[in-house]
Amino acid sequence: MLTNNNFITAGIDVGSVATKVVILKNGKIVGKSLTLTKADPFHAATFALKKALKEARLHKNNINFIVATGYGRRAIEFANETVTEIICNAKAANFLGSPFGKIGTIIDLGGQDSKAILLDNDGKVERFVMNDKCSAGTGRFLEVMARTLELKLDEFGKLSLKSKNPIKINSTCTIFAETEIISLIAQKKKVEDMIAGLHFSIAEKLVNLASQIGIKDVIFFDGGGAKNVGIKVALEKMLGKKVYVPPFPEYVVALGAALIGVEKC
Amino acid sequence: MLKIVGEKEEIEKFEWNLPKIFPDKKVEKKILKLWELDSKEIEKIGVKGYGKIISKRIKEIRKMKENGKKVVGYLCNFIPEELIYASNCIPLRVCCGIYESINVAEKILPMDVCPLIKSSFGSTLSKLLWFDLCDVIILPTSCDGKKKLAEFFSKFKDVWILHLPNLKTEDEFNRNFLPLIKVLKEDLEKLSKKRISRDELEKSIKLFHKRTEVFRKLNELRKKNQPPINGIGFNLILFTSFFEDVERWIKNINLLYKKLERKDSKFSEYPKVMLIGSPIIWPNFKLLKIVEEFAVVVNETMCSFEHLYTPVEVDDWSYEGMIRALARKYFLPSICPCFLGNDIVDRILQRIEDYKIDGIIYHQLKNCLLFDMEYYKIKFVLEKKGTPLLRIQTDYAKEDVEQIRTRVETFINIIKGKYGNK
C-alpha cells in the first residue's frame with residue numbers, strides 16, 4: 001500500500017535545468033528541495049537530498065529506498081534504482097489524481113524539454129512523446145523572452161492575463177521569435193499583448209505535441225513551466241477544456257520516483 | 001566512368017572534379033580495434049578467430065586483385081551476388097555504418113543527405129578498410145540520394161546504375177528488371193573476361209542457397225522462448241557476410257550454429273523486440289546496443305539482411321530458368337520502401353506471431369523520405385493489431401544517446417508491465 005506503511009523513500013529527479021528531491025513517508029511528502037543541476041548532476045543530487053532531509057528532520061540512513069530519474073539519473077550512484085521520468089510522472093499523476101476526475105493526458109513543461117503522456121483506463125502509460133530537440137516548446141523559450149522584455153519570469157504569467165488583444169507571434173523558433181518581439185517593442189506594442197502572444201505560442205506547441213498521442217480528459221499539467229498561470233489559461237482556451245495543475249508541479253516527477261521506491265520496498 | 005545497365009551511352013560529358021582526400025590511418029585503426037572489441041561477443045559463443053576477420057579478408061582481397069581478380073561492389077541488396085561470384089569476381093557490399101566517414105563526405109555532399117550514403121561515400125573516398133577495393137560499383141536507383149551519388153562515385157570509380165521500376169509486379173519484372181539482370185550478367189562477363197557457363201551458374205546458386213539455409217536455421221533459434229543469441233551477436237555475425245568469402249562464411253556460421261543449438265540462453269527474462277525501418281549496419285549499432293540494455297532483439301525485418309532470408313526458387317535448371325529465378329528473388333520479395341505498395345506489412349505481422357514479439361522499434365534514419373513516409377501505414381496496421389510501436393529518429397552521431405535511452409527504456413518498461421504498467 002502506498003500510503004499505509006512505515007517506509008521512507010526518496011525520489012531524485014535530475015533534470016537538465018534543476019534537480020528536485022522529494023522525501024516520502026506514509027504517503028506524505030515530509031521534505032522536498034530544488035537546486036540547479038548546472039554541470040554536475042551528482043553534486044546537485046547530493047546537495048538537494050541533504051536539504052530535503054534537513055526539512056524532513058531525517059538522516060540519509062533512514063531512507064529505505066532511493067529512486068533516481070530524469071536526464072542525469074545514471075550519474076546518481078547512490079540511488080538504488082533508476083526509472084525514466086515518463087514512468088515516474090504517470091505514477092505520481094495517478095496517485096495525486098485531480099478534482100475533475102480521472103487523468104487522461106499529462107503535459108509536462110520542463111526547463112529544456114516538454115513531454116506528453118497518454119494514460120490508459122488503469123492510469124498506466126499507454127503512449128508518450130518527447131520534445132527534447134527544439135527549445136521553442138520548453139521553459140527556455142519563456143526564459144529568453146522574459147530577458148528580452150526585461151521582466152521577471154514569475155511576473156510573466158500574471159501579466160499575460162491582463163491582455164485583451166494578444167498579438168500572434170509568427171516565428172516558430174525561439175531565436176527568431178526573440179527578433180520578432182524586439183521589433184514589436186520598437187513598434188510600441190502593449191507588453192501584456194506581446195506576452196499573451198508568447199504564451200499562446202508555447203501553448204500551441206504543447207497542444208501539437210500532445211495531439212500526437214491523444215488529448216484525453218482530464219488534462220494534468222506539470223513540470224516547472226506549469227507554475228505559469230498564463231500558459232495554463234492559454235491551454236484551456238485552446239483546448240476548450242479545464243486543465244489541472246497540481247500543487248508543486250515541479251516536484252511531480254520526483255514524487256513519482258519516491259512512490260516507485262515504496263513499491264520496491 | 002558512369003553508365004546505366006542496359007544502355008549504350010556513357011553519361012556525364014563535362015569536366016568537374018573532386019578534391020583530393022587523404023586516407024586517415026587513425027580512423028582505420030580505431031575501427032579495426034572496435035571490431036576486435038565488439039567481436040568478442042561472438043567469441044563468447046565459442047567460435048574463435050572473429051577478431052582479425054576484417055584485416056585478414058582485406059589482405060586476401062588485395063592479393064586476389066594483384067592476381068587479376070576483379071572486385072564488384074554494390075549498395076543495397078538488389079544485385080545477385082550469385083552472378084558476381086559465378087563470373088569469378090569478388091562481391092563486396094559497400095553499405096557503410098562508419099560515423100567518422102561522414103565528415104569526409106560532407107566536404108562534397110550536402111548535409112541533408114542520408115547518413116548511410118554519406119558514410120559509404122566518405123569511406124570509399126578516404127580508402128577506409130575494404131571500401132576502396134572495388135573495380136566497379138553497382139548502384140541501384142532505390143532512392144534519389146543513391147541515384148545522384150552515382151555522379152560522384154564515377155569521378156574515381158566505374159559505376160553501373162541499375163534502374164529499378166516503381167512497382168513490384170510480374171509485368172514490371174518481365175519488362176524492366178529481368179532484361180537488366182541479363183545485361184548485367186554480360187557486363188560482368190566482359191569485366192572478368194570470362195563467360196559464365198551453365199554449370200558455374202548452377203554451382204553458384206547452390207552455394208548461396210546453403211547460405212540462405214544456414215541463415216534461416218540461425219533465425220529459427222531466435223524463435224525460442226529463450227533465444228541463445230542476442231541481436232548484437234547476430235548482427236555482428238551477419239555483418240561479416242558483407243565482405244567475407246561466402247564458402248568460409250557458410251562454414252563459420254554452421255560451426256556457430258552447432259554451438260548455439262546446445263547453448264543455454266541468458267536472455268529469457270527480457271522482452272522480445274523486433275527492429276524495422278532503416279538498416280542497422282556495423283559499427284552503427286547505437287540503437288541496437290541501447291535496446292539490448294533493456295530487451296533482446298530477436299528479429300530485424302530490414303534490408304541489411306532480409307535478402308538472406310529468401311531462397312532462389314529454381315524450377316527450371318536451364319540457363320534461362322536460373323537467371324530468371326535469380327532475378328525474381330532479388331526483386332519480387334524486396335521490402336524496400338522505394339516500391340509503391342510495398343508489402344513489408346504482411347511480413348511484419350507474420351513475424352510478430354513467429355517470434356512472439358512484445359514490441360517493435362522503428363529505426364528512422366534522418367533525411368530518408370522513404371522510410372519517413374512509410375512509417376504512417378506501419379503505425380496504422382500495428383495500432384490495429386495492438387503491438388506496441390516506438391519510432392526512433394536518429395543518425396550516426398553519438399550526441400542523442402541519452403535521449404534515445406530514455407525513450408527506449410520507457411517503452412520497454414511499458415511493455416514489461418513494471419512499475420504497475422499494463
Side-chain angles (χ1 to χ4, degrees), chain A residues 1-2 11 13-16 41 67-75 81-95 106 108 110 112-113 115-134 212-214 253 256-264, chain B residues 111-112 269 271 273 286-287 289-295 358-362 364-367 372 375-376 378-395 397-422:
Chain A
M1 258 276 90
L2 287 176
D13 174 13
V14 188
S16 38
V67 173
T69 182
Y71 178 75
R73 64 189 178 280
R74 287 154 67 92
E81 200 154 315
T82 60
V83 179
T84 68
E85 51 268 44
I86 292 114
I87 303 287
C88 292
N89 203 337
K91 189 102 218 148
N94 217 28
F95 177 75
I106 301 170
D108 171 3
Q112 278 181 197
D113 68 9
K115 309 175 195 77
I117 306 166
L118 182 74
L119 301 181
D120 64 19
N121 288 328
D122 300 320
K124 290 151 196 174
V125 180
E126 188 173 313
R127 282 205 285 273
F128 69 97
V129 63
M130 297 174 70
N131 164 33
D132 44 15
K133 293 189 169 72
C134 172
Q212 290 180 49
I213 47 104
V253 172
L259 287 165
I260 290 170
V262 175
E263 284 179 352
K264 298 265 132 195
Chain B
M111 288 268 279
D112 292 347
E269 295 296 308
V273 164
K286 178 176 69 177
L287 178 62
K289 285 182 175 172
I290 291 174
V291 173
E292 294 214 307
E293 286 175 21
F294 311 104
D358 296 310
I360 297 182
I361 296 183
Y362 191 88
Q364 163 81 55
L365 274 179
K366 285 186 188 166
N367 295 316
D372 215 344
Y375 177 70
Y376 186 89
I378 294 195
K379 180 174 170 203
F380 181 88
V381 171
L382 289 177
E383 246 167 48
K384 260 176 102 182
K385 174 136 178 89
T387 304
L389 172 67
L390 175 74
R391 167 161 68 165
I392 297 290
Q393 195 167 40
T394 185
D395 58 15
K398 311 280 197 308
E399 62 196 20
D400 59 356
V401 168
E402 275 310 319
Q403 293 167 330
I404 296 176
R405 188 176 276 126
T406 298
R407 287 160 167 83
V408 170
E409 190 177 341
T410 303
F411 180 67
I412 302 299
N413 281 335
I414 293 171
I415 297 172
K416 241 172 154 171
K418 257 177 131 182
Y419 312 122
N421 266 301
K422 267 217 159 90

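Numbered from 1 within each chain, the chains take letters A, B, ... in sequence-line order.
In this structure, the side chains of B:Asn413 and A:Ile86 stay at 4.5 Å or more apart for every pair of heavy atoms. Residues B:Glu383 and A:Arg127 meet the side-chain proximity criterion, which asks for heavy atoms closer than 4.5 Å. Contact check for A:Phe128 versus B:Leu390: side-chain heavy atoms found under the 4.5 Å cut-off.
For the side chain to side chain donor-acceptor pair (under 3.5 Å) test, residues two or more places apart in sequence or in another chain that qualify with B:Arg407 are A:Asp132. Residues satisfying the salt bridge (charged side-chain N to carboxylate O under 4.0 Å, His left out) criterion with B:Glu409, sequence neighbours excluded, are A:Arg73.
For chain A, the nearby parts of B:Gln403 are the backbone and the side chain; heavy atoms of each come within less than 4.5 Å.
The two residues B:Ile414 and A:Ile87 have their closest heavy-atom pair at CG1-CD1, 4.3 Å.
The residue among A:Met130, A:Lys133, A:Arg74, A:Glu85 with the most heavy atom pairs within less than 4.5 Å of chain B is A:Arg74.
Counting non-hydrogen atoms of other residues, nucleotides and ligands closer than 6.0 Å to NZ of B:Lys379 gives a total of 12 or fewer.
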